[in-house]
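One structure coming up, written as structure tokens, with questions to follow.
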Amino acid sequence: MADQVIALKRDSSPPPDERNFRVKYAEVLNPAQLEAVRHREGPLLVIAGAGSGKTRTLIYRVARLIESGVPPAAILLLTFTRRAAQEMLRRAGHLIGDRSQGVAGGTFHSFAHLALRRFGAPIGIQPNFTILDRSDMEDVVNLLRTRMGFASREQRFPKKRALAEVVSMARNKSRALEAEIEADFPHLREHAGDILRLAASYEAYKHEHALLDYDDLLCRLAELLRTDQPTRHRLSDTYRYMMIDEYQDTNLIQAELVRLLAAAHHNVMAVGDDAQSIYSFRGANFRNIMEFPALFPGTKVVKLEENYRSIQGILDVANEVISLAREKYTKVLFTRREGGFRPLLVRAQDEHTQSRFVAQRVLELREEGVALDEIAVLFRSSFHSFDLELELQRRDIPFIKRGGFKFIETAHVKDLLAHLRVVANPADAVSWLRILMLIRGVGSRRAERLVETVVDSADPATALAAAAKAAGKAESELGRLSGLLAELRASARPAEQIAIVLNYYLPLMREAYPDDYPKRERDLEHLQAITERYRSLESMLADMALEPPNDSIGDVLAIDPDEGYLTLSTIHSAKGLEWKVVFLIWAADGRFPGPQSASPEDLEEERRLMYVAGTRARDELYISYPMYMFDRAMGYVMGRASRFLEGVRPEVLPTAVLEEAAEEPLDGEGK
DNA sequence: TACAAGTAAGTTTTT
DNA sequence: CTTACTTGTA
């Protein structure tokens, strides 16, 4: 190490090597954090309450490992989003410089993707496989559903969405499909036999066309590691120090992946909070984190209970919400942050009054000097913010929305990418169908036949041109498509390839969407800009499937405001984040929890979700709900506060009834 | 036979 | 608002 470092001032005798460390760990971490950061070999479980410095602990441990001489490339940091991994490595970089960039980091899915591309051959995985996102999966399921004759029979057969749901859930819970139907979808029991047959064809179809869905990425990596010893050893030797964030939201397959990857060394640090487990719909079970010590005997457990984020008033609400849970959790948060502010339960007249309250308070906060990017509005379901979005637009308050619909899933973006996907993987029948059906005169029937001839040929463009001869009036269009594909194969830069597709696709799009094609064009330009940084088509397509750009900036706003954006987010997408001021809207029974939360387990998870929402706030927390809300079945009904707030004492969460603001006309130009 | 248009129903959360 | 299935047209 080139830099001479000043020795620690503290009298306590640090381990000898600590003297040379640039970071003074003992001075900036609390005892529990320090214990976790100093841990070096063997399994470690950190139970970290909300705001207890969990991320900080991970970052400092990365830094300390590297300072202790561990090569960065031997560290694997698995997080819930890649963004989280990048952010952590960036912060670690502030501590120890750019050595942190050598750390391998990402999500389980992105890690599995890379591993399978490079080492998947022993279990029959082609390196150019295509990743199916959820809607691609549904497309395939739907195709098979029709092909197998389940579409137009008298008996009602489940829709593609439900089918994809069951199939995926079974895998995420590591259950046989039959058992999954019995357990979570008993109403589909009568179709169990057909669903099983459909699922089998789905597996065969994916295999035949080099397609892997999200679940395959995890399951097949587990398969690879189980069955192929050289690969297991290779990966386990490469990543000698593993760190896993948000462990409470992992499922059994992910736990198995961890076990297999760590087989050679058991150097695993898992970090999580059982009270913040909110992904059971993805097969996660908060008990997994409790069973970590059983998976790795000899696990050291460290608890972080001091909260550095929120003032006590906010923690009081969160603690009371979670204390009424049926399962008891492992810790109670406390803070030394004093502050007079009490969170407020705001009862609004109706949804629009709620929106205007939020908008107005946001403007007041801005007057008080709180930047917009220090404020967030959270909600249970992404459509809950629709009315608020209109109100914010009306008042020129810039915002970004996280979670919910992604622009990557809109038809025009999928169309565009499908043209590139067939170039990367000519066997990708889903994408072939998609781009063929865009052509006038080609419907599902003809498209399927064309796919059959094209998929197995060595030169798809030529095969397509040959097949087009028999296609009647669609011939010339198919010829153009063939030309396009040839042109795409000749180009190497993704952004350039997108430009080539745009040239072909934009006219088709204008015809297909005469109402709003300008907006869609802007989306595609945005996409082109995003893809400018990619050098390989494969990596670009993989990123689009695994880490899609989902911050859809409100399309009204063309320019970046200096003061940043107000954040609108689902609670799920707000996980791990924090803001100075948080609004939680639609905290009403019937919305949060929603009507689909029926079982006690579902409700417990909703309660944890409420806990997550509340603990995102540092200084101010406003929870609101409308007194009258519209119900599709019953018209306007009286709204009640969420049941999770009922047990919270009024001293801890006082209620304010919202008076109509006088300066504002009731009927704005919204709607 | 194959495609396009029209009508009717269902809707969380995410990799 | 999207998706599914029926009916209408070439």
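Residue numbers start from 1 in every chain, and the chains themselves are labelled A, B, ... in the order their sequence lines are given, proteins ahead of strands.
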Give a yes-or-no answer on whether the side chains of A:S135 and A:K414 include a donor-acceptor pair shorter than 3.5 Å.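 The criterion, which ignores hydrogens and geometry beyond distance, is satisfied for A:K414 and A:S135.
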Donor-acceptor under 3.5 Å (A:S280 side chain, A:G283 main chain): no
Look at all strands and tell whether A:R82 reaches a base, only sugar-phosphate, or nothing, counting heavy atoms closer than 4.0 Å. nothing
Hey, does A:S382 reach any base, or is it just sugar-phosphate, or nothing, if we go heavy atoms under 4.0 Å? sugar-phosphate
Which part of the nucleic acid does A:R282 contact within heavy-atom distance under 4.0 Å: base, sugar-phosphate only, or nothing? base
Within the structure, does a side-chain N or O atom of A:R402 lie under 4.0 Å from either OP1 or OP2 of B:dT13? no
Report yes if at least one side-chain N or O of A:T81 is closer than 4.0 Å to OP1 or OP2 of B:dT14; otherwise report no. no
For A:R380 and A:W586, indicate whether the former's side chain and the latter's backbone hold a donor-acceptor pair under 3.5 Å.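 No, the answer is negative, given that no donor and acceptor are paired below the 3.5 Å cut-off.
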Between A:R226 and A:E223, is there a side-chain N and carboxylate O pair less than 4.0 Å apart?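 No, A:R226 and A:E223 are not salt-bridged.
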What's the closest nucleotide to the A:S381 side chain, out of B:dT13, C:dT3, B:dT14? B:dT13
Here DNA chain B, pairs taken as Watson-Crick or G-U under 3.5 Å and shown with ( ), [ ] when crossing and | when to another strand, reads ||||||||||.....
Is the aromatic ring centre of A:F281 closer than 5.5 Å to the centre of the six-membered base ring of B:dT13, with the two planes inclined by less than 30°? yes
Go through B:dT15, B:dA4, B:dT14 for me and flag the one nearest to the A:T107 side chain. B:dT15
Taking donor-acceptor contacts at under 3.5 Å, does the side chain of A:R380 reach the base of B:dT13?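 Side chain to base: pair present.
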Considering every strand and a 4.0 Å limit on heavy-atom distances, what is the contact class for A:F383: base, sugar-phosphate, or nothing? nothing
